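Quantities reported herein were computed from a predicted structural model and do not represent experimental measurements. The sequence lines fix the lettering, A, B, ..., with proteins before strands; numbering per chain opens at 1.
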Protein chains: 2
Amino acid sequence: MATGRTHRPATRSRGIPEATVARLPLYLRALTGLSERSVPTVSSEELAAAAGVNSAKLRKDFSYLGSYGTRGVGYDVEYLVYQISRELGLTQDWPVVIVGIGNLGAALANYGGFASRGFRVAALIDADPAMAGKQVAGIAVQHSDGLEKIISDNGVSIGVITTPPGVAQQVCDRLVAAGVTSILNFAPTVLAVPDGVDVRKVDLSIELQILAFHEQRKAGEEAAANENAVPAPAARADSTEQGPDGDVPAVMPA
Amino acid sequence: MATGRTHRPATRSRGIPEATVARLPLYLRALTGLSERSVPTVSSEELAAAAGVNSAKLRKDFSYLGSYGTRGVGYDVEYLVYQISRELGLTQDWPVVIVGIGNLGAALANYGGFASRGFRVAALIDADPAMAGKQVAGIAVQHSDGLEKIISDNGVSIGVITTPPGVAQQVCDRLVAAGVTSILNFAPTVLAVPDGVDVRKVDLSIELQILAFHEQRKAGEEAAANENAVPAPAARADSTEQGPDGDVPAVMPA
DNA sequence: AGATGTGAATACGTTCACAGCC
DNA sequence: GGCTGTGAACGTATTCACATCT
């Protein structure tokens, strides 16, 4: 196993920034929409709006892939779809296993967006013997005893973990030992993996907590604004927060 | 991040970097684990390991909150739990609505991590009349006709969207008009919201595509390595012009 | 001694603004 | 004229390394 960190060599032409990679799927989705509506070309401005980013960022992102646009015209939709798909590795298809077929695992198995784009659910795996053989999303659940064989028989390199947190690390270890090198973790645990294995995590609870932080801050600002509104002490406004017309949402519930 | 420009005013003492905010829930989870095991104090090194980050980053993060540690000793676990909870706004509890009770919505409703920390499912809402009245996770599903009333009666400011993509924007608009200012979006769509409303998105498909990108790159490197090992044929199909060396970036701290 | 807290250095990401091409 | 592609400027995040305190 490649143990050494190969010390990123200020990579030459193939060094696409991580932030850009994370946005490519967004562009691809927007482009797919345009493609379905048979739109032939699109400007950076239009595409950026559809993807929810600004156009300078989009152009910079595309510049890492190459020069796929035409000045004065824009981008050819089909061509870009192909180029981005290729860059993301979606021209081949990726067999995926989901481990842990509870509510969430089942929901993911049923999720349409899975198959739509290069991914195929190769197997559903659960530790509960009572689950084995049951059909979920048209696929028979298999017992986790056979995990290693399933992985290697299907050439799976991407695993999705939707188990309870207590067993996520064990499952992860087995997946990695069996040859999986990319893991999408829905269990609220930090997974330890060897070098060369990528882990991405999705955590509902974390997302909500981040939202709560901002909610609280909004509430605080509102309160501060109200405080300012009444007394107005001799001291000047001290440029504290932004002006009165700032950011409190225009939507005031009746 | 929100689509709107929230005019960040270089806020004085309350300016906690976004990247730090995103890690606070991670620290909190690690600390909660220690707390349950009655560990009284923890060093930045230990806590960082448990949270899957490095210790310098953790200390820097905490320095934005204040000086809650003791030099030569470490951090008091209970005290830190409290401080971070307060900072994140988890000392109050947040009523949340989930709109779209399909597989995923139901899975989230059943998700334990929801209630565990400051969040309470105030209502489940679905547009299908056949769903209305059904119990999911012990809560009766309500029809979306009453959305506005549900929001205002319960003082809901956080909404979770698990509808099909086609209706996500409409649902979002109604939530916002009814007073919701934070949205967690599971639908694969870009949501447009007014200033002052935060949107965070969770998208399975995007995460998989990011993993596929890195998978592909690993495969390319392996191939390149093999090519080096074996004498290459005179003319090779140079479809994959992978850089000579390069390395797999540590995408996510694991 | 041992660990925190933090300026300074570095790396990464975004935005600006305009040259270059259609 | 219009739009891309990109160096340069700016801003944010991470890491280093050490002064500071118990």
Side-chain angles (χ1 to χ4, degrees), chain A residues 5 7-11 13 15-24 26-27 31 39-77 79-80 83-84 210, chain B residues 1-3 5-11 13-24 26-27 31 39-77 79-80 83-84 210 247 249-254:
Chain A
R5 331 186 15 90
H7 213 96
R8 178 168 344 215
T11 318
S13 50
I16 300 178
E18 193 52 36
T20 295
V21 171
R23 280 187 295 266
L24 292 180
L26 231 54
Y27 301 142
L31 285 164
V39 177
T41 61
V42 67
S43 69
S44 64
E45 203 70 55
E46 294 163 335
L47 183 53
V53 305
N54 74 46
S55 64
K57 195 184 282 184
L58 178 143
R59 289 200 303 278
K60 182 62 104 177
D61 283 341
F62 286 178
S63 79
Y64 294 117
L65 309 185
S67 285
Y68 295 143
T70 308
R71 289 165 202 244
V73 178
Y75 302 92
D76 182 280
V77 171
Y79 186 55
L80 245 195
Q83 290 299 344
I84 295 180
I210 295 169
Chain B
M1 261 307 237
T3 308
R5 24 175 314 110
T6 312
H7 200 155
R8 184 146 341 203
T11 319
S13 50
R14 211 99 299 246
I16 300 177
E18 194 53 37
T20 295
V21 172
R23 281 187 295 266
L24 292 180
L26 231 55
Y27 302 142
L31 284 164
V39 177
T41 61
V42 67
S43 69
S44 64
E45 204 70 55
E46 293 163 335
L47 183 53
V53 304
N54 74 46
S55 64
K57 196 185 280 183
L58 178 144
R59 288 201 303 278
K60 183 62 110 177
D61 284 341
F62 285 178
S63 79
Y64 294 116
L65 309 185
S67 284
Y68 294 145
T70 307
R71 287 165 204 245
V73 178
Y75 302 92
D76 181 280
V77 171
Y79 187 55
L80 245 195
Q83 290 299 344
I84 295 179
I210 296 170
D247 114 300
V251 168
M252 269 279 162

Quiz prompt | Listed partners of B:Pro40 passing side-chain contact (heavy atoms from CB on, under 4.5 Å), at least two apart | solution = none

Quiz item: Within less than 4.0 Å of OP1 or OP2 of C:dT14, is there a side-chain N or O belonging to A:Asn54?
Solution: no

Exercise. Kindly compute the distance separating OH (A:Tyr27) from CG (A:Asp61), expressed to the nearest 0.5 Å.
Key: 3.5 Å

Quiz item: About how many Å separate OG of B:Ser44 and NZ of B:Lys57, when rounded to the nearest 0.5 Å?
Solution: 14.0 Å

Quiz item: In whole angstrom, what separates B:Leu80's CG from C:dG5's C1'?
Solution: 14 Å

Quiz item: Rounded to the nearest Å, what distance is computed from the CD atom of residue B:Gln83 to the P atom of nucleotide C:dT4?
Solution: 17 Å

Quiz item: Can you tell me how far P of C:dC12 sits from NZ of B:Lys57, to the nearest Å?
Solution: 12 Å

Quiz prompt | Partner of A:Tyr64 under side-chain contact (heavy atoms from CB on, under 4.5 Å), chosen from A:Thr20, A:Leu24, A:Val21 | solution = A:Thr20

Quiz item: With a 4.5 Å limit on heavy-atom distance, are the side chains of B:Tyr68 and B:Asp76 in contact?
Solution: no

Quiz item: Rounded to the Å, how far apart are B:Leu24 CG and D:dA13 P?
Solution: 13 Å

Quiz item: Rounded to whole angstroms, how far apart are CG on B:Leu47 and C1' on C:dG2?
Solution: 17 Å

Provide a list of protein-nucleic acid N or O atom pairs under 3.5 angstrom, restricted to nucleotides 4-6 of chain D.
unit_1	atom_1	unit_2	atom_2	d
D:dT4	OP1	A:Ser44	N	2.5
D:dT4	OP2	A:Ser44	OG	2.5
D:dT4	O2	A:Arg71	NH1	3.1
D:dG5	OP1	A:Tyr68	N	3.4
D:dG5	OP1	A:Gly69	N	2.9
D:dG5	OP2	A:Tyr75	OH	2.9
D:dG5	O4'	A:Arg71	NH2	3.2
D:dG5	N7	A:Arg59	NE	2.9
D:dG5	O6	A:Arg59	NE	3.4
D:dG5	O6	A:Arg59	NH2	3.1

Quiz item: If you look at every heavy atom in A:Leu47 and A:Leu58, which pair is closest and at what distance?
Solution: CG-CD1, 3.7 Å

